[in-house]
Each structure stands twice: as structure tokens, then as C-alpha cells.
S.K.: 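My questions will all concern the structure given below.
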Amino acid sequence: MLLGDCLPSAALFLSCCLPNLISNAVAFNSADANQLTQNFGQTGAQNHTVLDVGEIVFVIQSQSNSFHKKRAEDLKENILKQAAVISKKLPNVLFIDELEPRQSAWTIVPAIPYFADTYGRNSSWIFFCEEETIINLPKLLMTLQKFEKSKNWFLGKALHDEESTIIHHYAFTENPSAFKYPDFSAGWALSMPLVKSLSDILRQDPPSSDFTIDLKHEIALYIWKKLDGQELTHVKQFCSSASSKAAECATTFNSALPVCGSPVQKEDIFVAIKTCKKFHKDRIPVVKKTWERQAVHYEYYSDYADNTIPTTDLRIPNVERGHCGKTFAILERYMKLYIARTSWLIIVDDDTLIRMVFSKEAVKKLMNSKCQCYSNDAPDDMVLGMCFSSLGITPTHSPLFHQARPTDYAKEYLAHQIPVSFHKHWNIDPVKVYYKWLAPEEEKPQHGQKNMKQEL
């Protein structure tokens, strides 16, 4: 979980700066406009209704903190500038974090009735994109024009699992690759008839929970279940990375790491590693072989003091799940001993290759509040989320933090990322995972993949 305060006194996520506005610019030239005109002429001859850019509602999957809000605003400005060149009717561009219900609109489904009620009469498509999605508007229009807007369509760049995975609740175990779900970074679209159909279903049968693990898969699964097997249609013009076919792309994605000046110094970060006695012999050696050497200030916290590691006994009994008591004990110790010396706290499990990040101002506000665990085995991530929400501190999400192993994610999804973390050691060699995906260049002379971990 990534936490930061939106106030100037509290730093946001360490990599708060993303690439400059130029990353969202597209080469909008006369060739694109001429091709758009030709295509509209051809579709008109085929008795298809010409699609106007004003019929598209753009929904940017934005975040509320000031940095990400600025990225979303930059993308909105770019979309509207392109639209003004080709149409007198400008599209609506929405930020998902501003829609109701505020706490759950980011999961998309709760906002579907709003889309149907507000835009169902005059719009044909809802197009979703991320802050770093790069849109070529004429090519997007040409792409959507190929699909009859009076029918149900669910469009996107298709991803699939190669094996059943826990993050997708082991769905489609017999043939995981058969089910397709969208790569959000490439953008994805719902036709208005499909939106209206979903809205009708939601009014009669609203979801009992907005809990989500992997939103892109869960959206596709929800549509598939509620609309009698409605599948994602793969659209090759929705792209998530530059390739030899980039000229065909209506969308691409800026996957470059942020350039925000000098990185936070290692001396300004404290790392807390959660473990327990039964894992001292098999998990701790992995940490020591991989990322421990990068940390300056760190401690291992356990239910048993072992001077060979060494570990600190927090006097919190180990539990099989949740670990809320241990997490809050770590936060209390950080407040007492390390907050004056460091500005950032990272909390990791012993089977995680880097994980949670807090600014010290966020820790101060949390520990000065009355929010606490209701039991030692309460789920710490959910309790922390509720606590910070009550304090007005909004979590900042980064898709570069992963809660599972690389094999649990679609290859094409990871292909346009420079990951920060992975979790779990099941049926993998975690040391190899570290050197393939996460290690600094100087640590992996035998590996050619470039993955700079400078965002810290």
C-alpha cells in the first residue's frame, strides 16, 4: 500500500513525478485527419452512421492527489485540443476520482448507472484510459467507427492468464487462457447499449461489495457473468507499448520511469521486515541474498529474538493471517526510534521483494489518532486503509507494486512495466525473480534487462 498526505507538509509517494506533459502529446497531422475523412466517407457509403468525437465520453482513471490530478488534467487538455481540430462538438472528459460514489467509483461498476443516466441519450461510447495513456484521437475515431454503436461491445487490448492464479480467484482453472480481460493502460471501451444493459442489472441487483484485487480481470468477469457470456473483443489498435506496428495504434502507453530530480537517499528510508520463527531459515536468507544490501536502516521483526539474523521480538504472538497487531507494533517502534532520522518507512513481509511505503507525516497522523487494530489477526492492509481514509489521507496507487509472483500476471501486462515489487515464493526461485526483474544493474552482470529502481 502506498500512502501519502495531500498537504504540502506530507510527502506523497516517493515517485510523485511522472514524465512531462510531452508524453501525452500525439503526432496529430493532416494525414490522420485526411484518413479520418476518407474513412467516414467509406462508412457513410456503407450506410453506417458517422461517429462524431462528441459521442465519446472519456473517463480518465485518475487519482485525487495533486500530482496525479495534474497528470489527468494534462491528458484532458490534450484530448480536447485534438477534438477541437476535427469537430465543433467537444467530448466530455471525466475524472473517475470525482464521480460518485467517491469511495468506490474507481472500481467502475458503481459508476455505470451514472454513465447511463447522464450520457445515455447523446453518447455512443464510454472510453476508459489511464493518466499515462497516449491517445491519437483521429485513429481512435477510425477504430471505433468499425463497430456498430447500436450493439453491445466491450473493446480492449486482450490479456489472458497462462495458468490459474490466486489473484483471479483461480477462475477458468481448466483453461485460463480462454478468458480475455483488458489491459487498462491501452484504454478500453464500452458501447452505450452495453452500459445501459449493465445499468438495468445494477439497479435490480447491486453488487454486495466493492472489494477488488485485480480490477481489470474482475470488470471483464462481471460483464461476462451478467451479460450472458459477453466477451472482450480484442482491438489491435489499442496498444500498450511502442512496436513495429505503432503506426496503426490509436493508443499507446508511456511506461518510462519518472524523472523528478535526485532520488530519495537510502539513508532517509527505514525498512521494517515482518517475519516469524518458522520462516527464519528459509525466507530470511532470500532477503539477505537479494535486496537487504540496498538498505541502510532496517530491522527484522519477529515473535522470537534470534541474534544470528538478528530479529527483534515485538511481543506480539504470530498469527496465521492479518498481522495487524504486528504492523501497528512496528509503527509504534518507528515512531519512538527512527522517525527523527528518516522520512520514509517501508514495511515488507519476509516473502516480499519490497512492498509498502509510508511518509513519516502519514505515520505521525496515524499514530496520533485513536485508530487501531480490533484484533492481532485483523487484516492490516484493510485496517490501515480504513484508518487513513478516516484521517483524510488517500492512498496513492501504483501498478508497479505487485501482490503476487510474476507468473501470476499476464506476460504482456508486465512487458510494459518496470516493477517495484513482487510477493510470495510459491513454486518459484525468488532469487532468480529478483535478479530478472528488480535488481540494480550493478548487481546483475549476467542479466541484460534494464530495470532501474531509482523511484525510491
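It should be emphasised that the depicted structure is a prediction, and the values quoted were computed from it without experimental measurement.
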S.K.: Shortest non-hydrogen contact from Ser191 to Lys149?
M.R.: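 Minimum heavy-atom contact is CB-O, 4.4 Å.
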
S.K.: Under 3.5 Å, side-chain donor or acceptor atoms of residues 192-202 against the rest of the protein: list the pairs with distances, not counting sequence neighbours.
M.R.:
from	atom 1	to	atom 2	distance (Å)
Lys196	NZ	Gly120	O	3.1
Ser197	OG	Pro193	O	3.0
Ser199	OG	Arg203	NE	3.4
Ser199	OG	Arg203	NH2	3.2

S.K.: Kindly say whether Ala186 contributes a backbone atom to a donor-acceptor pair with the side chain of Thr251 at under 3.5 angstrom?
M.R.: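 Yes; at least one donor-acceptor contact below 3.5 Å.
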
S.K.: Mind checking the NZ-CD1 spacing from Lys89 to Ile56? Nearest 0.5 Å is all I need.
M.R.: 10.5 Å

S.K.: Examine distances only and state if a side-chain atom of His423 and a backbone atom of Thr352 form a donor-acceptor pair shorter than 3.5 Å.
M.R.: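 Between the backbone of Thr352 and the side chain of His423 there is no qualifying donor-acceptor contact (under 3.5 Å).
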
S.K.: How would you list, by chain and number, every residue that makes a side chain to side chain donor-acceptor pair (under 3.5 Å) with Lys216, sequence neighbours excluded?
M.R.: Asp214

S.K.: Considering only heavy atoms from C-beta outward, does the side chain of Leu144 approach that of Leu155 to under 4.5 Å?
M.R.: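 With C-beta onward as the side chain, the pair touches.
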
S.K.: Could you go through the side-chain contact (heavy atoms from CB on, under 4.5 Å) check for Ile86 and Leu137 one step at a time?
M.R.: CA-CA 9 Å; Ile86 57 178; Leu137 198 50; 4.3 Å; yes

S.K.: To the nearest 0.5 Å, what is the distance between CG (Asp349) and NE2 (His425)?
M.R.: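 Asp349 CG to His425 NE2: 9.5 Å, rounded to 0.5 Å.
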
S.K.: Let's go through Thr252 and Ser241 carefully: what are the C-alpha distance in whole Å and the side-chain angles of both, what is the deciding distance for side-chain contact (heavy atoms from CB on, under 4.5 Å) to 0.1 Å, and is it a yes or a no?
M.R.: CA-CA 6 Å; Thr252 53; Ser241 61; over 6 Å; no

S.K.: Are Glu131 and His68 close enough that a side-chain donor and a side-chain acceptor fall under 3.5 Å?
M.R.: yes

S.K.: Do any N or O atoms from the side chain of Gln63 and from the backbone of His397 form a donor-acceptor pair under 3.5 angstrom?
M.R.: yes

S.K.: If every non-hydrogen atom of Trp188 is compared with every non-hydrogen atom of Pro182, which pair is closest and at what distance?
M.R.: CB-CB, 4.0 Å

S.K.: Atom CD1 in Ile213, atom CD in Gln403: separation rounded to 0.5 Å?
M.R.: 5.5 Å

S.K.: Kindly write out the residues that satisfy side-chain contact (heavy atoms from CB on, under 4.5 Å) with Lys151, not counting sequence neighbours, or none if the list is empty.
M.R.: Glu148, Trp153

S.K.: Quick one: which residue pairs count as a salt bridge (charged side-chain N to carboxylate O under 4.0 Å, His left out) with a foot in residues 168-194, not counting sequence neighbours?
M.R.: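 Pairs touching residues 168-194 that pass the test: none.
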
S.K.: Is there side-chain contact between Val271 and His297, with heavy atoms separated by less than 4.5 Å?
M.R.: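 The answer is no, as the side chains (C-beta and beyond) never meet within the 4.5 Å cut-off.
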
S.K.: Phe238 and Ser185: side-chain contact (heavy atoms from CB on, under 4.5 Å), yes or no, with the steps?
M.R.: CA-CA 9 Å; Phe238 291 178; Ser185 62; over 6 Å; no

S.K.: Looking only at side chains, do Asp161 and Tyr181 share a donor and an acceptor under 3.5 Å apart?
M.R.: yes

S.K.: Minimum heavy-atom separation for Leu75 to Thr133, with atom names?
M.R.: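 Looking at all heavy atoms of both residues, the closest pair is CD1-O, 3.5 Å.
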
S.K.: Taking C-beta and beyond as the side chain, do Ser177 and Asn175 meet within less than 4.5 Å on heavy atoms?
M.R.: yes

S.K.: Check whether any side-chain heavy atom of Leu80 lies under 4.5 Å from a side-chain heavy atom of Pro91, and answer yes or no.
M.R.: yes

S.K.: Are any non-hydrogen side-chain atoms of Arg71 and Ile60 less than 4.5 angstrom apart?
M.R.: no

S.K.: Is a side-chain N or O of Thr143 found less than 3.5 angstrom from the main chain of Lys139, in a donor-acceptor match?
M.R.: yes

S.K.: To the nearest 0.5 Å, how far apart are CG in Asp380 and CE in Met356?
M.R.: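 The distance works out to 6.0 Å.
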
S.K.: Tell me the salt bridge (charged side-chain N to carboxylate O under 4.0 Å, His left out) pairs involving residues 402-413, sequence neighbours left out?
M.R.: Lys157-Glu412, Glu162-Lys411, Glu163-Arg405, Arg405-Asp408

S.K.: Apply side-chain contact (heavy atoms from CB on, under 4.5 Å) to residues Val383 and Gln372 and explain how you reach the verdict.
M.R.: CA-CA 8 Å; Val383 171; Gln372 55 187 306; over 6 Å; no

S.K.: Quick one: list whatever passes side-chain contact (heavy atoms from CB on, under 4.5 Å) with Glu73, sequence neighbours left out.
M.R.: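 Lys69, Lys70, Phe95.
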
S.K.: Which one of Ile96, Val93, Ile108, Leu190 satisfies the side-chain contact (heavy atoms from CB on, under 4.5 Å) criterion with Val59?
M.R.: Ile96

S.K.: Just jot down the side chain to side chain donor-acceptor pair (under 3.5 Å) partners of Asn368, sequence neighbours excluded, or say none.
M.R.: none

S.K.: Judged by atom type as modelled, is there a donor-acceptor pair below 3.5 Å linking the side chain of Arg102 to the main-chain atoms of Glu98?
M.R.: yes

S.K.: Tell me, with the steps shown, if Phe270 and Phe358 meet ring-ring contact (aromatic ring centres under 6.0 Å, His included).
M.R.: CA-CA 10 Å; Phe270 181 79; Phe358 306 85; over 10 Å; no

S.K.: With sequence neighbours excluded, tell me which residues meet side chain to side chain donor-acceptor pair (under 3.5 Å) with Ser124.
M.R.: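 Side chain to side chain donor-acceptor pair (under 3.5 Å) list for Ser124, sorted by chain: Glu55.
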
S.K.: Suppose we screen for side chain to side chain donor-acceptor pair (under 3.5 Å). Which residues come up paired with Thr342, at least two apart in sequence or across chains?
M.R.: Tyr334

S.K.: Grab the two heavy atoms, one from Pro138 and one from Gln82, that are nearest each other, plus how far apart they are.
M.R.: CD-OE1, 3.8 Å

S.K.: Closest approach of Gln103 and Ser389, non-hydrogen atoms and distance?
M.R.: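 Answer, listing the atom of Gln103 first, then Ser389: OE1-OG, 3.9 Å.
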
S.K.: List in chain and number order the residues that pass disulfide bond (SG atoms under 2.5 Å apart) with Cys324, two or more places apart in sequence or in another chain; answer none if no residue qualifies.
M.R.: Cys373

S.K.: Find out whether Trp291 and Tyr434 are in side-chain contact, i.e. whether some heavy atom of one side chain is under 4.5 Å from a heavy atom of the other.
M.R.: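 Side-chain contact under 4.5 Å: yes.
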
S.K.: Would you tell me whether Asp97 and Ser62 have side-chain atoms, one donor and one acceptor, within less than 3.5 Å of each other?
M.R.: yes

S.K.: So do Leu400 and Pro419 actually touch side chain to side chain, heavy atoms under 4.5 Å?
M.R.: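 Sidechains of Leu400 and Pro419: no contact.
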
S.K.: Can you check side chain to side chain donor-acceptor pair (under 3.5 Å) on Thr212 and Glu218, steps first, answer last?
M.R.: CA-CA 7 Å; Thr212 184; Glu218 288 160 21; 2.3 Å; yes

S.K.: Verify the ring-centre separation between Phe179 and His168: is it less than 6.0 angstrom?
M.R.: no

S.K.: Under the side-chain contact (heavy atoms from CB on, under 4.5 Å) test, which residues partner Ser164, sequence neighbours left out?
M.R.: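 side-chain contact (heavy atoms from CB on, under 4.5 Å) check on Ser164 returns Tyr170, Thr173, Pro176.
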
S.K.: Return a table of donor-acceptor pairs under 3.5 angstrom between the side chains of residues 219-230 and protein atoms on other chains or two or more places apart.
M.R.:
from	atom 1	to	atom 2	distance (Å)
Lys226	NZ	Asp205	OD2	3.0

S.K.: Taking all atoms of both residues into account, what is the closest heavy-atom pair of Ser64 and Thr394, and its distance?
M.R.: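 Ser64 and Thr394 have their closest heavy atoms at OG-CG2, 3.5 Å.
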
S.K.: Do the side chain of Ser369 and the main chain of Cys371 share a donor and acceptor less than 3.5 angstrom apart?
M.R.: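 Confirmed, Ser369 side chain pairs with Cys371 backbone.
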
S.K.: Regarding Lys274 and Asp351, does a basic nitrogen lie under 4.0 Å from an acidic carboxylate oxygen?
M.R.: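 Here Lys274 does not pair with Asp351 in a salt bridge, since their nearest N and O are not under 4.0 Å apart.
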
S.K.: Counting C-beta onward and ignoring hydrogens, is there a side-chain heavy-atom pair between Ile134 and Asn254 closer than 4.5 Å?
M.R.: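 Yes, close enough: below the 4.5 Å cut-off.
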
S.K.: When you check the side-chain N and O atoms of His402 and Ser421, is any donor under 3.5 Å from an acceptor?
M.R.: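 The criterion, which ignores hydrogens and geometry beyond distance, is not satisfied for Ser421 and His402.
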
S.K.: If only atom types and distance count, is the side chain of Glu132 paired as donor or acceptor with the main-chain N or O of Phe253 below 3.5 Å?
M.R.: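 Between the backbone of Phe253 and the side chain of Glu132 there is no qualifying donor-acceptor contact (under 3.5 Å).
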
